[in-house]
Amino acid sequence: MSVDTPRSVVSWPRYVWPQVALSQRVYWQDIAFALVGAVMPVAMGIFPMVQVRDADPLPGGIRPVDVLAPSGLCVSVIWIAYAVINSAARRRETRTYKRLRATPIPQSAILVGEATSAALPALAQSAVVLVVAMTVFHVAAPVHWLLVVAGLVIGAVTMGLLTFGVSGLLPSSELSTWIVTPFVIGMWFLSGSLSVAGGAASTVDRIADYLPSTAFVQIVRTGYFGQDFVSHDLTDRPRLSLGQALDVIHQPLGVLILWIAVGYLLFRSCFRWEPRTSRRGRRSAKQAG
């Protein structure tokens with residue numbers, strides 16, 4: 001993969017929003033796939049709250065539906081993996097990326113534009129889930145708005161960059177859908193977004209702490225309630241100021257930074273701009289010549 005020149009890196013911001021607009025236009029051309037990507041994360045974010053809406057409060061007075069509301073905001077961020085994998089595979093097979101690479105648009109601008117295009121709908125879906133949680137389930141507003149928004153944005157950046165890197169390892173768009181869906185469901189389940197944990201943390205819980213989905217759920221929950229939702233086995237969760245909350249989330253924030261680095265390395269080494277068949281065809285032609 002070629003490296004952007006210093007001049008292109010300086011000028012790339014002006015290419016990003018046109019790339020976002022192009023990405024959205026291509027995305028909505030497949031209306032069935034786009035509607036699934038638009039509706040499913042909202043439904044998945046609301047469904048767990050419906051199941052526990054009448055459950056008794058937990059120790060400390062927090063209702064189970066309250067605990068599941070902030071994690072419901074994160075479902076659309078987890079779903080970015082599904083949208084990105086499928087979009088990247090489709091655009092590679094239709095040679096959209098190949099045509100973009102032949103333009104003056106820097107590769108970094110293409111990546112940022114694609115990631116932004118995936119993140120913006122996810123953040124809008126999170127807003128829809130928040131409105132439903134506050135109006136239908138009477139969940140209180142977030143205590144530390146800044147931390148909630150930061151957790152969602154950093155989570156979206158992590159999932160977008162990581163998934164673009166992984167997309168280069170996967171085959172056609174049809175197979176990519178089947179491959180990525182179990183991983184999306186697994187991250188959703190292990191993040192704690194489906195149930196309210198009680199009792200001592202299991203080994204699986206502690207391993208799941210190192211998944212990106214769990215990390216940004218912990219950040220968003222901590223910011224939403226202004227209480228420690230990173231440490232396990234707490235019987236009492238005292239109120240935290242914004243500064244104290246920022247100190248509490250150092251572990252999940254470090255986990256996300258690590259996954260961002262992994263995603264960038266995968267993107268630099270594994271992302272493919274052309275279909276696999278195209279590369280095989282070029283090799284065959286070269287050998288024949």
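Since the structure is predicted, the reported quantities are computational estimates derived from the model, not experimental observations.
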To check you understand the geometry: which heavy-atom pair defines the closest contact between Phe216 and Val77, and what is its length?
CZ-CG1, 3.6 Å
Could you pull out all residues at least two apart from Val204 that satisfy side-chain contact (heavy atoms from CB on, under 4.5 Å)?
Leu190, Ser202
Going by side-chain contact (heavy atoms from CB on, under 4.5 Å), name the residues that satisfy it together with Val262, two or more places apart in sequence or in a different chain.
Leu162, Trp259, Leu266
For a 4.5 angstrom cut-off between non-hydrogen side-chain atoms, does Pro252 reach Thr214?
no
Non-neighbouring partners of Ala124 that pass side-chain contact (heavy atoms from CB on, under 4.5 Å), sequence neighbours left out:
none
Applying side chain to side chain donor-acceptor pair (under 3.5 Å) to Ser191 and not counting sequence neighbours gives Ser193
Can you give the donor-acceptor pairs under 3.5 Å from side chains of residues 133-145 to other protein atoms, not counting sequence neighbours?
from, atom 1, to, atom 2, distance (Å)
Thr135, OG1, Val131, O, 2.6
His144, NE2, Leu240, O, 2.9

Please say yes or no: joined through hydrophobic side-chain contacts below 4.5 Å, possibly via intermediate residues, are Tyr264 and Leu258 part of one cluster?
no
State, to 0.1 Å, how close Val184 and Ala81 come at their nearest heavy-atom pair, and which atoms those are.
CG2-CB, 4.0 Å
Side-chain touch Arg92/Trp273, heavy atoms, less than 4.5 angstrom:
no
Any idea which heavy atoms bring Pro121 and Ser117 closest together, and the distance?
CD-O, 2.8 Å
Show every side-chain hydrogen bond (donor to acceptor under 3.5 Å, both in side chains) that has at least one partner inside residues 39-52, sequence neighbours left out.
none
Is there side-chain contact between Ile219 and Phe229, with at least one heavy-atom pair below 4.5 Å?
no
Heavy-atom side-chain proximity of Gln218 to Asp209 below 4.5 angstrom
yes
Is the charged tip of Arg237 near the ring of Phe225: under 6.0 Å from the six-membered ring centre and within 45° of its axis?
no
Can you list the residues that meet the side chain to side chain donor-acceptor pair (under 3.5 Å) rule with Gln251, with sequence neighbours excluded?
none
Indicate, with yes or no, if Leu265 and Val84 share a hydrophobic cluster defined by side-chain heavy-atom contacts under 4.5 Å among Ile, Leu, Val, Met, Phe, Trp and Tyr.
no
Donor-acceptor pairs under 3.5 Å, side chain of residues 146-159 to any protein atom, not counting sequence neighbours: which ones?
from, atom 1, to, atom 2, distance (Å)
Thr158, OG1, Ile154, O, 2.8

At what distance, to the nearest 0.5 angstrom, does OG1 of Thr96 lie from CD1 of Ile110?
11.0 Å
N/O donor-acceptor pair under 3.5 Å between Ser213 side chain and Met187 backbone:
yes
Indicate, with yes or no, if Val39 and Leu73 share a hydrophobic cluster defined by side-chain heavy-atom contacts under 4.5 Å among Ile, Leu, Val, Met, Phe, Trp and Tyr.
no
Exactly one of Leu68, Val65, Val67 should register a side chain to side chain contact (heavy atoms under 4.5 Å, CB included) with Pro48. Which one does?
Leu68
For the student: nearest non-hydrogen atoms of Ser71 and Arg221, plus distance
OG-NH2, 3.2 Å
Contacts satisfying side-chain hydrogen bond (donor to acceptor under 3.5 Å, both in side chains) that involve residues 120-133 (not counting sequence neighbours) are Ser76-Ser126
Could you list the residues that satisfy side chain to side chain donor-acceptor pair (under 3.5 Å) with Thr181, not counting sequence neighbours?
none
Quick one: does Glu274's side chain get under 4.5 Å of Tyr97's, heavy atoms only?
no
Indicate if Val217 and Phe47 have the same hydrophobic cluster label, given that clusters are the connected sets of ILVMFWY residues with side-chain heavy-atom separations under 4.5 angstrom.
no
Under the salt bridge (charged side-chain N to carboxylate O under 4.0 Å, His left out) test, which residues partner Asp66, sequence neighbours left out?
Arg63
Under the side-chain contact (heavy atoms from CB on, under 4.5 Å) rule, collect the residues that match up with Ile207, sequence neighbours excluded.
Thr203
Does Ser167 use its side chain to pair, donor to acceptor, with the backbone of Phe164 at less than 3.5 Å?
yes
Intermediate values then yes/no, side chain to side chain donor-acceptor pair (under 3.5 Å), Gln244 and Asp228:
CA-CA 9 Å; Gln244 291 171 326; Asp228 184 351; over 6 Å; no
Mind checking the CD1-CH2 spacing from Ile185 to Trp79? Nearest 0.5 Å is all I need.
6.0 Å
Quick check: closest heavy atoms across Thr222 and Ala245, and the distance to 0.1 Å?
CG2-CB, 4.2 Å
